[in-house]
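The structure under discussion appears below in the form of structure tokens.
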Amino acid sequence: MSIRVLVVDDQAIVRDGLVTVLSLVPDLEVVGGAADGAEAVALVAEHAPDVVLMDLRMPVVDGPTATAQITAAHPEVAVLVLTTFADDDSIVTALRAGARGYLTKDAGRVEIATAIRAVASGQSTFDAAVGARLIAALGSPTLPTPPTPVSVRERFPDLTPREADVLERIADGRTNPEIAAELFLTVPTVKSYVNQLFQKLGVRSRAEAVALVLR
């Protein structure tokens, strides 16, 4: 069954981008987007999502306040924070409000999709930097560290290391010229790698390749 997701972010370009990206994931269903915490609370009541992808600093009602209201009224809904801020106060405030996971906006699409699945299944999840800060803030070195996401190379062993590098960057939204610049290749060479990995993966477009990576 699909995991129903509500995206909350006051920046329209970020919100729309997340909606578009997550809509490509086969087991995720985006049920709406909210521009602030008050709208998020209303849309949770209307659409009953499984997971709310929540920004923290927003007008009208901020993320922690909205998180507290959502988790109090709808304890079955998991809130996963996705924010620019990874300071101790922001992390602790969000978790005290009831957030089940915390990612920064440095997270890639694969990591976000994986975290959504984790919190939907009842787990807590944090990216590596947030996990390290949380352990330091709580003063408990015995807390478990977050699991390391499986790399593209590990998931697709039939690809050469360079093909895997190209696929990883396609999944992160890079264009061929951007990939060429990052990997010190020519654009025609990148196009050749793209065609090769498409053939190996049995896909016909970048969208299909991204959807395969995000499964």
Flag the pair Glu111 / Asp106 as yes when at least one side-chain heavy-atom distance between them is below 4.5 Å, and no otherwise.
no

Below 4.0 angstrom, N of the basic side chain to O of the carboxylate: do Arg169 and Asp172 qualify?
no

Atom pair CG/CG of Leu82 and Leu53 - distance to nearest 0.5 Å
5.0 Å

How long is the gap from CG on Asp55 to CD on Gln11, to the nearest 0.5 Å?
7.0 Å

To the nearest 0.5 Å, how far apart are CG in Asp16 and CG in Asp9?
10.0 Å

Distance from Thr175 atom OG1 to Arg206 atom CZ, nearest 0.5 Å?
7.0 Å

Classify the side-chain pair Thr65/Gln69 by whether it contains a donor and acceptor separated by less than 3.5 Å.
no

Looking at NZ of Lys200 and CG of Leu197, how far apart are the two atoms once the value is rounded to the nearest 0.5 Å?
8.5 Å

Paired with Ile3, the side chain to side chain contact (heavy atoms under 4.5 Å, CB included) test is passed by just one of Val30, Val119, Asp50, namely Asp50

Rounded to the nearest 0.5 Å, what separates atom CG in Asp62 from atom CE in Met54?
9.5 Å

Test item: Arg4 side-chain N/O and His47 main-chain N/O as donor-acceptor pair under 3.5 Å
yes

Testing the 3.5 Å rule here: is there a donor-acceptor pair between the side chains of Thr125 and Gln123?
no

